[in-house]
Protein chains: 2
Amino acid sequence: MAHRPKLSTVAAAAGVSPATVSQVLRGTGRISEETRARVLEAARAVNYLPDGRAAAMRSGENREIGLVLHHLANPFNAELVSGVSDRLERDGYLVSVLDSRDDAERQERNLRALIANMRGGLIWVPASGTDAATLDLLAAQRLPVVTFLHRVSPDLDHVELNNARALRDAVAHLADLGHRRIAFLGGTAPRAPRTDRIAGYLAAVAERGLGAPLVWPCEDSRRGGRDAILSLRAAHPDIGAVVCNGDMVALGACLGLASRGERAGREVSIIGFDDVAEAALATPALTTLSVMPYDLGRRLAERLLARMSDPAAAPTTLRIDATLVPRDTTAPPSPRRPIRSRRT
Amino acid sequence: MAHRPKLSTVAAAAGVSPATVSQVLRGTGRISEETRARVLEAARAVNYLPDGRAAAMRSGENREIGLVLHHLANPFNAELVSGVSDRLERDGYLVSVLDSRDDAERQERNLRALIANMRGGLIWVPASGTDAATLDLLAAQRLPVVTFLHRVSPDLDHVELNNARALRDAVAHLADLGHRRIAFLGGTAPRAPRTDRIAGYLAAVAERGLGAPLVWPCEDSRRGGRDAILSLRAAHPDIGAVVCNGDMVALGACLGLASRGERAGREVSIIGFDDVAEAALATPALTTLSVMPYDLGRRLAERLLARMSDPAAAPTTLRIDATLVPRDTTAPPSPRRPIRSRRT
DNA sequence: CCCCTCTGATATATCGTTATATTAAAGCCA
DNA sequence: TGGCTTTAATATAACGATATATCAGAGGGG
């Protein structure tokens with residue numbers, strides 16, 4: 001057998017017509033038990049797998065879902081992917097993941113290829129610099145889309161975090177511990193998730209009457225966080241607590257403190273954002289704002305399924321609250337007061 | 001316009017036949033400059049994107065590549081994905097990533113869906129428990145495949161690491177520093193990459209005439225490494241150095257030591273495997289066996305491209321050497337002798 | 001002035017499925 | 001026995017693109 005088996009291969013092997021094979025495999029139409037068995041056996045024997053493209057083209061159905069995000073290496077995203085996949089695979093969908101690396105041009109390429117090749121639906125964390133042309137393109141394809149984190153259009157279903165509230169909670173936690181000078185650390189982009197967080201941070205600092213706010217930008221990565229905490233410590237030794245724009249930044253900051261012989265939760269209190277698996281595991285364990293990425297993925301998937309089943313419904317927005325998980329990197333500001341590690 | 005634009009939509013808009021539109025977009029046939037311009041303008045105006053499925057079906061070409069691996073959350077894999085994608089996107093392919101989570105059943109489902117929907121090629125890290133039926137299925141589809149890490153068939157192109165040699169280098173490095181009792185930490189599966197590493201480890205220990213070897217299994221994750229180093233320290237306090245089955249295990253082991261108030265490179269020397277980005281960044285910086293995952297991804301991609309361009313060629317095997325990168329978690333076994341942090 | 005080539009466009013068949021229409025055979029009832 | 005329903009299978013026409021064949025008209029040469 002020189003080529004891959006197709007419907008007619010199975011038909012020939014079973015001695016029936018291609019139409020019959022299709023009906024057997026799809027479970028439609030009237031087929032006698034005897035031919036059904038013969039067809040199934042033949043399909044198994046030649047290792048037949050249907051060509052989903054042809055099937056999808058004819059039937060109009062499509063069970064492929066694209067998931068486009070920024071940065072696969074971030075464990076938050078890895079957990080999100082698991083949540084999305086588990087939920088959608090349960091309904092027989094195939095989820096393929098693309099990493100735009102937050103580059104609008106790569107994202108555009110990826111989306112074009114994705115749309116060209118799979119027509120089911122899209123879960124999308126838009127990259128910075130996403131332009132209107134990309135949105136027009138998506139709209140024209142009538143593809144069910146759910147955006148996450150960054151809203152790019154009022155016409156698309158959207159899921160986002162309640163960032164302002166989360167930051168308020170974080171600042172409140174630190175203020176309750178007795179901290180007066182609290183900085184916000186991380187990010188550089190002047191767009192929605194980060195600006196919302198900063199707004200929440202500034203509002204909370206003002207409400208509580210705390211010391212002058214300080215926004216200290218850095219790349220959102222472990223390395224960025226490590227370098228930033230060092231420059232921050234050098235420039236503002238009086239900062240006693242830091243809320244970070246993500247766990248990777250926070251863990252990087254912990255590393256930075258460690259390299260100075262200091263320790264998060266002693267000289268400086270640190271709060272992350274995301275609650276990646278590593279946060280509970282680190283030493284000291286990271287206090288962070290948990291959004292349960294796996295569960296979030298599931299909810300994103302369900303939004304998309306809802307959209308696919310009713311393409312005409314009005315666009316929805318879902319806002320998810322983060323909950324503060326106190327661990328060992330936050331403590332009262334008493335100088336030189338070591339804390340005992342709480343096991344996790 | 002109620003539906004997504006297709007070739008005939010563009011044709012109508014430009015006042016030409018669908019065949020002409022196809023020729024313009026594909027750059028084939030003879031088309032006057034004037035109609036070409038009109039067609040391109042029309043395609044842009046209606047936001048046309050070709051249906052790749054129909055095109056692929058007719059032309060037999062396919063520019064979709066699947067990448068199936070174990071565990072997206074491991075940064076090693078994230079870097080690998082980048083390398084693969086960058087190389088293949090350069091040639092106009094779409095790479096979609098699936099995570100089998102090392103579960104043979106999920107892998108089988110994923111592969112079936114993948115093969116059904118995309119017909120270009122596959123880069124595959126087979127899960128444990130991959131069975132012959134899966135291999136038969138793949139073989140019957142005549143899909144170009146490159147396996148990575150785990151060889152499952154002599155008929156498929158394969159890329160693997162020279163694990164035995166890498167472990168030998170690691171043990172040699174520790175022995176040269178003066179260590180006598182060295183353990184191997186990590187993994188549980190009794191299959192190829194790990195058994196090769198253990199074999200190399202045992203051989204090196206024997207050759208060097210070191211103290212009794214010790215294989216200490218654990219889950220290959222940060223958590224697994226952390227827990228394992230604690231139980232290992234408790235059971236065998238005389239072990240002075242550990243070679244780990246991956247950087248995640250090694251970094252976990254460092255965390256475990258830290259939670260005891262110890263430090264990798266002081267009480268115990270630790271060597272990882274993979275050289276993920278975090279390794280150089282951690283405090284202390286992790287000594288590890290580097291395989292340059294990004295570059296490795298590129299090489300995998302090139303293997304696959306070669307296979308796709310010549311499906312009849314004999315299957316090849318590529319064996320990649322890891323190089324030891326000494327950083328701060330390895331040092332002479334002198335008790336209580338702190339080492340200076342080497343910046344990276 | 002007719003035949004031939006060249007150009008630029010269109011008509012048609014095809015890829016591998018599935019949905020629908022159609023047919024062949026069998027069973028039933030009067 | 002003849003018409004009518006029921007069952008089980010097949011024939012046929014799409015889906016949206018591309019490859020190939022075809023065609024109409026312009027220009028050129030004898």
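So that the names make sense, note that chain A is the first sequence line, chain B the second, and so on, each numbered from 1. Here the structure is a predicted model, which means the values were calculated and not measured.
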Nearest whole Å is fine: how far is [N] [atom2] from [X] [atom1]?
X: N62(B); N: dC15(C); atom1: CG; atom2: P; result: 17 Å
X: K6(B); N: dC15(D); atom1: NZ; atom2: P; result: 6 Å
X: D51(A); N: dA17(D); atom1: CG; atom2: P; result: 16 Å
X: I115(A); N: dG16(D); atom1: CD1; atom2: P; result: 17 Å
X: R53(A); N: dC15(C); atom1: CZ; atom2: P; result: 13 Å
X: N117(B); N: dG16(C); atom1: CG; atom2: P; result: 16 Å
X: R4(A); N: dT17(C); atom1: CZ; atom2: C1'; result: 11 Å
X: H3(A); N: dC15(C); atom1: NE2; atom2: P; result: 11 Å

Within less than 4.0 Å of OP1 or OP2 of dT18(C), is there a side-chain N or O belonging to S59(A)?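 Checking dT18(C) against S59(A), no side-chain N or O comes under 4.0 Å of OP1 or OP2.
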
Considering just the side-chain nitrogens and oxygens of Y48(A), establish if one lies under 4.0 Å of OP1 or OP2 belonging to dG16(C). no

Under 4.0 Å between any heavy atoms, over every strand shown, what does A19(B) touch: base, sugar-phosphate, or nothing? Just pick one.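 Here A19(B) touches the bases of the nucleic acid.
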
Quick check: on DNA chain C, is the nucleotide nearest T20(B) upstream (toward 5') of the one nearest P18(A), or the reverse? Name the residue that is more 5'.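 The 5'-side residue here is T20(B).
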
Check V152(A) against L135(A) and note the closest heavy-atom contact, atom names and distance. O-CD1, 3.4 Å

Check this for me: does any side-chain nitrogen of one of E61(B) and R63(B) sit under 4.0 Å from a carboxylate oxygen of the other?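 Answer for the salt bridge query: yes.
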
Between R101(B) and D103(B), does at least one N-O distance fall below 4.0 Å, as a salt bridge requires?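 Answer for the salt bridge query: no.
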
Within residues 22-37 of chain B: residues closer than 4.0 Å to DNA chain D (heavy atoms):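 Contacts with DNA chain D under 4.0 Å: S22(B), R26(B).
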
Salt bridge (Lys or Arg N to Asp or Glu O under 4.0 Å), that's the test. Do R44(A) and E41(A) meet it? Break it down for me. CA-CA 5 Å; R44(A) 214 193 42 71; E41(A) 168 56 24; 3.4 Å; yes

If you check the M57(A) side chain, which of dT10(C), dT18(C), dG16(D) turns out closest?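 Selected nucleotide (nearest to the side chain): dG16(D).
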
Pick from E108(A), Q107(A), H150(A): which one makes a side-chain hydrogen bond (donor to acceptor under 3.5 Å, both in side chains) with T130(A)? Q107(A)

Report the distance from atom CG of L69(B) to atom CG of L149(B), rounding to the nearest 0.5 Å. 9.5 Å

Going by side-chain hydrogen bond (donor to acceptor under 3.5 Å, both in side chains), name the pairs with one or both residues in residues 301-314 of chain B, residues two or more places apart or in two chains.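 Applying side-chain hydrogen bond (donor to acceptor under 3.5 Å, both in side chains) to every pair that reaches into residues 301-314 of chain B, excluding sequence neighbours, yields R87(B)-E302(B), D157(B)-R307(B), R298(B)-E302(B), R303(B)-T316(B).
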
Report yes if a donor N or O on one partner sits less than 3.5 Å from an acceptor N or O on the other, where the partners are the side chain of R58(A) and the base of dT18(C); otherwise report no. yes

